[in-house]
Q: 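Pasting in a structure now, in structure tokens, and then I'll have a few things to ask.
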Amino acid sequence: MILFGFSSHEQITQELTAASVCQSGHFEISRFNNQELCASVQQPVSGEHCLILGSIAPPDEQTLSFMLLAHTLKKEGASKLTAVLPYLAYSRQDKFKPGESLATAWIGSLLKVSGFDQVLTVDVHSEGDSELFPLPLISLSTADLFASVIKKYGLIDATIVAPDRGAIRRCEAVKNAAGMPVGTTPYFEKTRTERGVVHRGPIGNVGSRVVIIDDILDTGGTLISACEKLIAAKVEDIYVLVTHGLFTGSDWKRLRALNVRKVFCTDTVPVHRKFEAMDVSVLSVVPILREGLSSLIGTALGRRN
């Protein structure tokens with residue numbers, strides 16, 4: 001397999017190729033004088049399984065460059081194309097709402113028509129995403145990674161809390177990986193209004209220390225609302241474990257004043273190291289991706305035999 005990694009995920013690309021999981025691919029994205037994009041592949045790829053690692057999140061140039069490179073690799077004879085998108089952008093636009101775009105289905109269609117055969121991601125937002133995608137969507141779990149954090153920081157006795165119903169299954173996977181009693185996971189009923197997120201709960205018993213587990217920290221609205229309710233329930237220490245740290249805007253910084261002792265996120269989205277001074281700890285997803293890619297290699301070898 002040949003891995004073509006965009007500069008947005010340069011560190012992950014280097015670590016994966018250094019571990020001999022796959023070969024390093026070379027390419028260039030440039031623009032003509034009229035600003036049209038052009039992709040150039042700088043090595044033979046005929047008959048090869050090629051992977052593209054990067055992002056389709058804004059700015060939109062990333063999406064266009066990602067798709068154009070895929071189309072170029074297919075044109076050059078790549079036998080199979082896998083999109084490696086640690087963070088699957090547009091995955092939250094998966095609900096049928098009158099008059100609004102269903103962008104999850106749209107991005108899946110773009111990936112397919114660009115030549116991709118499958119998509120490899122980390123902690124996809126919902127099961128609905130797979131149902132909307134017209135090609136296989138492989139989601140790798142962060143359960144073991146988050147379980148190791150819980151053990152390292154002595155949080156085995158803390159209460160794992162889901163910020164909404166959709167996060168319950170994710171929380172239970174982490175508890176199982178950490179060897180914690182699964183039992184019933186306390187959660188919140190979440191409602192979105194014009195003024196923002198409104199929570200009812202927590203529904204279930206919580207202790208004085210809580211770990212909130214979710215897939216995305218964007219503006220922080222969901223977590224802020226949940227933490228306010230937890231403080232009202234006499235929770236003293238809160239830890240947050242999220243897969244994708246988008247950190248949009250500045251409202252999320254309010255978490256520090258809401259008994260949040262530390263935020264953990266992965267590097268599926270490049271996170272500026274300055275956040276570490278704000279009690280944000282960045283976890284590498286390289287081991288997760290390495291295992292996922294190794295599984296793809298094993299599957300391919302099995303088919304050949």
Q: Would His9 and Ser55 satisfy side chain to side chain donor-acceptor pair (under 3.5 Å), going step by step from the backbone distance to the final call?
A: CA-CA 8 Å; His9 291 72; Ser55 173; 5.8 Å; no

Q: Is it the case that the side chain of Thr17 and the backbone of Cys22 share a donor-acceptor pair, with hydrogens and angles ignored and the cut-off at 3.5 Å?
A: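 No; judged by distance alone, with no hydrogens or angles, the pair does not exist.
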
Q: For His26, give me all partners under side chain to side chain contact (heavy atoms under 4.5 Å, CB included), at least two apart in sequence or on another chain.
A: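 Per chain and number, His26 pairs via side chain to side chain contact (heavy atoms under 4.5 Å, CB included) with Ser24, Gln42, Gln43.
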
Q: Report the C-alpha distance between Thr243 and Asp123 in whole Å, list the side-chain angles of each, state the deciding distance to 0.1 Å, and finish with yes or no for side chain to side chain donor-acceptor pair (under 3.5 Å).
A: CA-CA 7 Å; Thr243 304; Asp123 276 354; 2.5 Å; yes

Q: Taking atom types as modelled, is there a side-chain donor on Thr82 or Gln118 under 3.5 Å from an acceptor on the other?
A: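 Yes - a donor-acceptor pair under 3.5 Å links their side chains.
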
Q: Return the minimal non-hydrogen interatomic distance between Leu68 and Ala39, and the atom names on each side.
A: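 Taking every non-hydrogen atom into account, CD2-N, 3.8 Å.
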
Q: Going by salt bridge (Lys or Arg N to Asp or Glu O under 4.0 Å), Asp164 matches just one of Arg170, Lys190, Arg169. Which one?
A: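 Running salt bridge (Lys or Arg N to Asp or Glu O under 4.0 Å) over Arg170, Lys190, Arg169 with Asp164 returns exactly one hit, Lys190.
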
Q: Does a sphere of radius 6.0 Å around CG in Asn34 hold more than 12 heavy atoms from other residues, nucleotides or ligands, not counting ones at 6.0 Å or beyond?
A: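 Yes.
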
Q: Does the Ser65 side chain pair with the main chain of Gln62, one donor and one acceptor, at a distance under 3.5 Å?
A: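 Side chain of Ser65 to backbone of Gln62: no pair is present.
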
Q: Mind checking whether Met1 and Gln23 have side chains closer than 4.5 Å, heavy atoms only?
A: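 No, their side chains stay 4.5 Å or more apart.
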
Q: With heavy-atom distances below 4.5 Å as the criterion, would you say the side chains of Ile12 and Val285 are in contact?
A: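 They are in contact (side-chain heavy atoms under 4.5 Å apart), so the answer is yes.
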
Q: Counting distance only, does the side-chain N/O of Ser295 pair as donor-acceptor with the main-chain N or O of Glu291 below 3.5 Å?
A: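 Pair absent, no side-chain N/O of Ser295 close to backbone of Glu291.
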
Q: Any side-chain heavy-atom pair from Thr266 and Val282 closer than 4.5 angstrom?
A: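 No, too far: nothing below the 4.5 Å cut-off.
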
Q: Can you list everything that forms a side chain to side chain contact (heavy atoms under 4.5 Å, CB included) with Lys95? Sequence neighbours excluded, please.
A: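 Once residues adjacent in sequence are excluded, the partners of Lys95 under the side chain to side chain contact (heavy atoms under 4.5 Å, CB included) criterion are Lys97.
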
Q: Between the side chains of Tyr239 and Arg261, does any donor sit under 3.5 Å from an acceptor?
A: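 No pair is found: no donor N or O on one side chain lies under 3.5 Å from an acceptor on the other.
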
Q: Looking at CD of Gln11 and CG of Leu16, how far apart are the two atoms once the value is rounded to the nearest 0.5 Å?
A: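 Those atoms lie 10.0 Å apart.
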
Q: Do the side chain of Ser91 and the main chain of Leu88 share a donor and acceptor less than 3.5 angstrom apart?
A: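 Flag set: sc Ser91 to bb Leu88 pair under 3.5 Å.
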
Q: Going by the salt bridge (Lys or Arg N to Asp or Glu O under 4.0 Å) test, which pairs reach into residues 172-183, not counting sequence neighbours?
A: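 Output for this query is empty, none listed.
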
Q: Parallel, tilted or perpendicular for His244 and Tyr87, by the 30°/60° rule?
A: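 Geometry flag for Tyr87 against His244: tilted rings.
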
Q: Among pairs that include at least one residue of residues 54-64, which meet salt bridge (Lys or Arg N to Asp or Glu O under 4.0 Å), considering only residues two or more places apart or in two chains?
A: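 Applying salt bridge (Lys or Arg N to Asp or Glu O under 4.0 Å) to every pair that reaches into residues 54-64, excluding sequence neighbours, yields Arg31-Glu61.
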
Q: Counting only heavy atoms not in Arg254 (residues, nucleotides, ligands), do more than 12 fall under 6.0 Å from its CZ?
A: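 It does not: Arg254 CZ has 12 such atoms or fewer within range.
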
Q: Please examine the side chains of Tyr187 and Pro202, heavy atoms only from C-beta on, and report whether any two atoms are closer than 4.5 Å.
A: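 Not touching, per the 4.5 Å side-chain cut-off.
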
Q: Is there side-chain contact between Asp237 and Val260, with heavy atoms separated by less than 4.5 Å?
A: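 When only atoms from C-beta onward are counted, Val260 and Asp237 do not touch, as no gap falls below 4.5 Å.
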
Q: Keeping to residues at least two apart or across chains, list the salt bridge (Lys or Arg N to Asp or Glu O under 4.0 Å) pairs with something in residues 10-19.
A: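 Not a single pair qualifies under salt bridge (Lys or Arg N to Asp or Glu O under 4.0 Å).
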
Q: Please tabulate, one pair per line, all N/O donor-acceptor pairs under 3.5 Å involving side-chain atoms of residues 210-219, not counting sequence neighbours.
A:
from, atom 1, to, atom 2, distance (Å)
Asp215, OD2, His125, ND1, 2.7
Asp218, OD1, Thr248, OG1, 2.4
Asp218, OD2, Arg92, NH1, 3.3
Asp218, OD2, Arg92, NH2, 2.8
Thr219, OG1, Gly221, N, 3.4

Q: Do Asp129 side-chain atoms and Ser126 backbone N/O form a donor-acceptor pair below 3.5 Å?
A: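 Side chain of Asp129 to backbone of Ser126: a pair is present.
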
Q: Please list, chain by chain and in numerical order, all residues satisfying side-chain hydrogen bond (donor to acceptor under 3.5 Å, both in side chains) with Glu236, sequence neighbours excluded.
A: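 None.
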
Q: Between atom CD of Glu127 and atom CG of Leu137, what is the distance when rounded to the nearest 0.5 Å?
A: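 If we round to the nearest 0.5 Å, Glu127:CD and Leu137:CG are 11.5 Å apart.
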
Q: Are Phe66 and Phe116 an aromatic pair, judged by ring center distance below 6.0 Å?
A: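 Here the rings of Phe66 and Phe116 have centres that are less than 6.0 Å from each other.
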
Q: So do the side chains of Ile288 and Leu145 get within less than 4.5 Å of each other, counting heavy atoms only?
A: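 Side chain of Ile288 against side chain of Leu145, heavy atoms only: contact under 4.5 Å found.
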
Q: Measuring from Thr185:OG1 to Ile203:CD1, what's the distance to the nearest 0.5 Å?
A: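 Going from the OG1 atom of Thr185 to the CD1 atom of Ile203 covers 12.5 Å.
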
Q: Using the side-chain hydrogen bond (donor to acceptor under 3.5 Å, both in side chains) criterion, which residues pair with Ser7? Sequence neighbours excluded.
A: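 Listed in chain order: nothing, the list is empty.
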
Q: Considering residues at least two apart in sequence or located in another chain, which fulfil the ring-ring contact (aromatic ring centres under 6.0 Å, His included) criterion with Phe133?
A: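 Checked Phe133 against ring-ring contact (aromatic ring centres under 6.0 Å, His included); zero matches.
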
Q: Could you tell me which residues satisfy side-chain hydrogen bond (donor to acceptor under 3.5 Å, both in side chains) with Glu76, sequence neighbours excluded, listed by chain and number?
A: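 With neighbours one apart ignored, the set is empty.
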
Q: Could you check Asp117 against Lys74 for salt bridge (charged side-chain N to carboxylate O under 4.0 Å, His left out), going step by step and ending with a plain yes or no?
A: CA-CA 11 Å; Asp117 298 286; Lys74 206 71 172 183; 3.3 Å; yes

Q: Has Ser79 got a side-chain atom pairing as donor or acceptor with Glu48's backbone, closer than 3.5 angstrom?
A: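 Present.
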
Q: Show me the donor-acceptor pairs, under 3.5 Å and distance only, between side chains in residues 150-159 and residues at least two apart or in other chains.
A:
from, atom 1, to, atom 2, distance (Å)
Thr159, OG1, Gly207, N, 2.9

Q: By side chain to side chain contact (heavy atoms under 4.5 Å, CB included), which residues pair with Asp251, not counting sequence neighbours?
A: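 Partners of Asp251 by the side chain to side chain contact (heavy atoms under 4.5 Å, CB included) criterion, ordered by chain and then number, come out as Ile224.
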
Q: Side-chain donor-acceptor pair under 3.5 Å between Ser225 and His199, yes or no?
A: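 Per modelled atom types, Ser225 and His199 side chains form a pair under 3.5 Å.
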
